[in-house]
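Worksheet: one structure, shown below.
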Amino acid sequence: MTKLNDFKFFDSHFHIIDPDFPLFENQGFVPDFFPIAAYQERLKDYRLAGGAVVSGSFQGLDQSYLIAALQKMGPTYVGVTQLDHHTSDEEILALNAAGICGTRFNLKRGVAESLDDLENFAKRIYDLAGWHIELYIDSKELASLKERLLKLPSVSIAHFGLSAEGFPDLLKLAEKGVMIKATGYGRVDFPIAPALKDLTSANPDCLMFGSDLPCTRTSHLYSDDDFLLVIDTLGAELAQKVFYANAVNFYKPAVISR
């Protein structure tokens with residue numbers, strides 16, 4: 001019988017919501033707290049080997065919570081934050097030293113700048129510190145953006161791109177090396193198992209699984225069955241790539257530098 005701890009797991013997408021740090025209302029929403037201890041307790045039965053702490057829309061441009069979380073969680077954890085494109089090289093390098101390795105553009109929740117700013121910033125942070133950009137975007141918007149995104153040096157897209165309508169465009173980006181997060185099962189409008197198969201068929205190195213804990217603004221709370229579905233759908237060998245190797249290969253520069 002398959003056990004959760006049979007597989008090494010780098011959690012590619014989760015949030016830490018610490019009561020000691022500021023939160024910012026976004027579109028009328030403020031989340032409940034979800035500190036490090038709650039995260040670790042929820043995944044205590046897993047063979048957890050690191051992960052990526054992702055800043056939510058409700059954390060704005062605050063970096064203090066993320067730096068503190070990474071200090072407490074240790075060097076196998078990295079951060080994906082939100083930054084203004086005017087952020088100086090010196091601040092980016094300081095954040096890089098703290099374990100942050102990418103910046104998130106939240107087009108879904110309106111926490112993002114213009115696409116021109118995104119492109120210029122994405123190239124600057126990659127050249128400066130090897131950072132990637134992560135997009136929280138509805139894939140319906142990808143048709144007009146594909147060519148621009150493929151010119152960027154390092155990109156990930158969260159939550160399967162959300163929509164069936166844009167999924168063919170998501171597949172084309174995956175084929176070309178854009179990383180896709182198998183996260184947020186309750187956020188999408190299509191069945192998960194076929195999407196797992198299609199994405200790994202397009203590019204077996206593109207898919208990274210994450211818990212999305214604590215699953216804010218969705219009725220689908222993370223379930224162990226979400227993890228087991230990957231194994232049942234893809235088989236053990238490919239599932240292990242999705243659970244660990246693909247994400248570690250993507251985030252490796254930050255992990256190694258610490």
Side-chain angles (χ1 to χ4, degrees), residues 1-21 23 31-56 58-59 65-81 99-102 104 134 136 156 158-160 179-188 192-193 196 207-252 254-255 258:
M1 180 179 179
T2 301
K3 298 177 182 177
L4 297 171
N5 62 9
D6 287 341
F7 293 83
K8 201 171 185 180
F9 178 30
F10 184 98
D11 188 350
S12 73
H13 192 106
F14 67 95
H15 306 287
I16 296 297
I17 308 170
D18 191 320
D20 292 335
F21 295 92
L23 293 175
D32 294 331
F33 296 124
F34 188 71
I36 292 170
Y39 173 76
Q40 293 173 333
E41 173 64 21
R42 176 60 186 87
L43 296 184
K44 65 182 180 181
D45 294 329
Y46 289 70
R47 191 177 159 197
L48 194 58
V53 185
V54 178
S55 287
F58 42 78
Q59 286 159 323
Y65 95 91
L66 185 52
I67 292 170
L70 294 176
Q71 287 174 342
K72 292 176 182 177
M73 298 187 83
T76 60
Y77 288 84
V78 297
V80 179
T81 195
I100 294 168
C101 65
R104 188 186 199 205
E134 176 174 314
Y136 184 14
S156 69
H159 308 322
F160 293 101
M179 300 298 290
I180 311 298
K181 289 190 172 182
T183 54
Y185 284 22
R187 303 182 190 278
V188 306
I192 298 297
L196 294 171
L207 202 60
M208 308 182 291
F209 183 85
S211 68
D212 193 31
L213 285 168
C215 307
T216 58
R217 290 199 266 205
T218 176
S219 60
H220 178 92
L221 299 183
Y222 177 71
S223 166
D224 296 341
D225 288 339
D226 297 346
F227 190 88
L228 296 172
L229 178 63
V230 178
I231 304 163
D232 293 342
T233 302
L234 302 179
E237 183 176 353
L238 188 49
Q240 183 61 93
K241 282 177 63 70
V242 172
F243 291 144
Y244 183 76
N246 289 347
V248 168
N249 287 338
F250 184 61
Y251 292 115
K252 182 165 54 178
V255 174
R258 299 175 73 206

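- Applying the side-chain contact (heavy atoms from CB on, under 4.5 Å) test between Leu213 and each of Leu43, Ile16, Leu221 identifies Leu43 as the sole match.
- To the nearest 0.5 Å, atoms OH (Tyr222) and OG (Ser211) are separated by 6.5 Å.
- At a threshold of 4.5 Å between non-hydrogen side-chain atoms, the residues Arg187 and Asp212 count as touching.
- If you take CD1 on Ile192 and CG on Asp226, they are separated by 8.0 Å, rounding to the nearest 0.5 Å.
- When side chains are defined from C-beta on, His159 counts as touching His13, because their heavy atoms get closer than 4.5 Å.
- Relative orientation of the Tyr39 and Tyr77 rings is perpendicular, given thresholds of 30° and 60° on the angle between their planes.
- In this structure a side-chain-to-backbone donor-acceptor pair under 3.5 Å is missing from Ser156 to Ile180.
- When every heavy atom of Thr233 is checked against every heavy atom of Leu229, the shortest pair comes out as OG1-O, 2.7 Å.
- Between Leu234 and Leu238, the closest heavy-atom pair is O-CB, 3.7 Å.
- A side-chain donor-acceptor contact under 3.5 Å links Asn246 to the backbone of Leu207.
- Counting heavy atoms from C-beta on, the side chains of Ile17 and Thr216 come closer than 4.5 Å.
- Side-chain atoms of Gln59 come within 3.5 Å of backbone atoms of Gly56 as a donor-acceptor pair (strictly under, hydrogens ignored).
- Residues Ala52 and Ser12 share a closest heavy-atom pair of CB-O, 3.4 Å.
- Screening Phe7, Phe10, Tyr46 against Phe243 for a ring-ring contact (aromatic ring centres under 6.0 Å, His included) leaves a single residue, Phe7.
- Summarising the geometry, atom CG belonging to Asp6 is positioned 8.5 Å from atom CZ belonging to Arg47; distances are rounded to the nearest 0.5 Å.
- For the pair Leu70/Leu66, a side-chain contact is recorded, criterion being any heavy-atom separation below 4.5 Å from C-beta on.
- Within the model, atoms CZ of Phe227 and OH of Tyr185 stand 9.5 Å from one another, a figure rounded to the nearest 0.5 Å.
- For the residue pair Tyr65 and Ser55, a side-chain donor N or O sits within less than 3.5 Å of a side-chain acceptor on the partner.
- A centroid separation of less than 6.0 Å is found between the aromatic rings of Phe9 and Phe209.
- Side-chain contact check for Arg42 versus Asp224: some heavy-atom pair is nearer than 4.5 Å.
- From Asp20, atom CG reaches atom CZ of Phe33 across 8.5 Å, with rounding to the nearest 0.5 Å.
- Although no hydrogens or angles enter the test, the distance criterion places no donor-acceptor pair under 3.5 Å between the side chain of Lys8 and the main chain of Ala49.
- Between His15 and Val53 the shortest side-chain heavy-atom distance does not fall below 4.5 Å.
- If you take CE on Met73 and CG on Leu48, they are separated by 7.0 Å, rounding to the nearest 0.5 Å.
- Listed here is the closest heavy atom pair of Ile231 and Ala239: CA-CB, 3.9 Å.
- Counting non-hydrogen atoms of other residues, nucleotides and ligands closer than 6.0 Å to CG of Asp32 gives a total of 12 or fewer.
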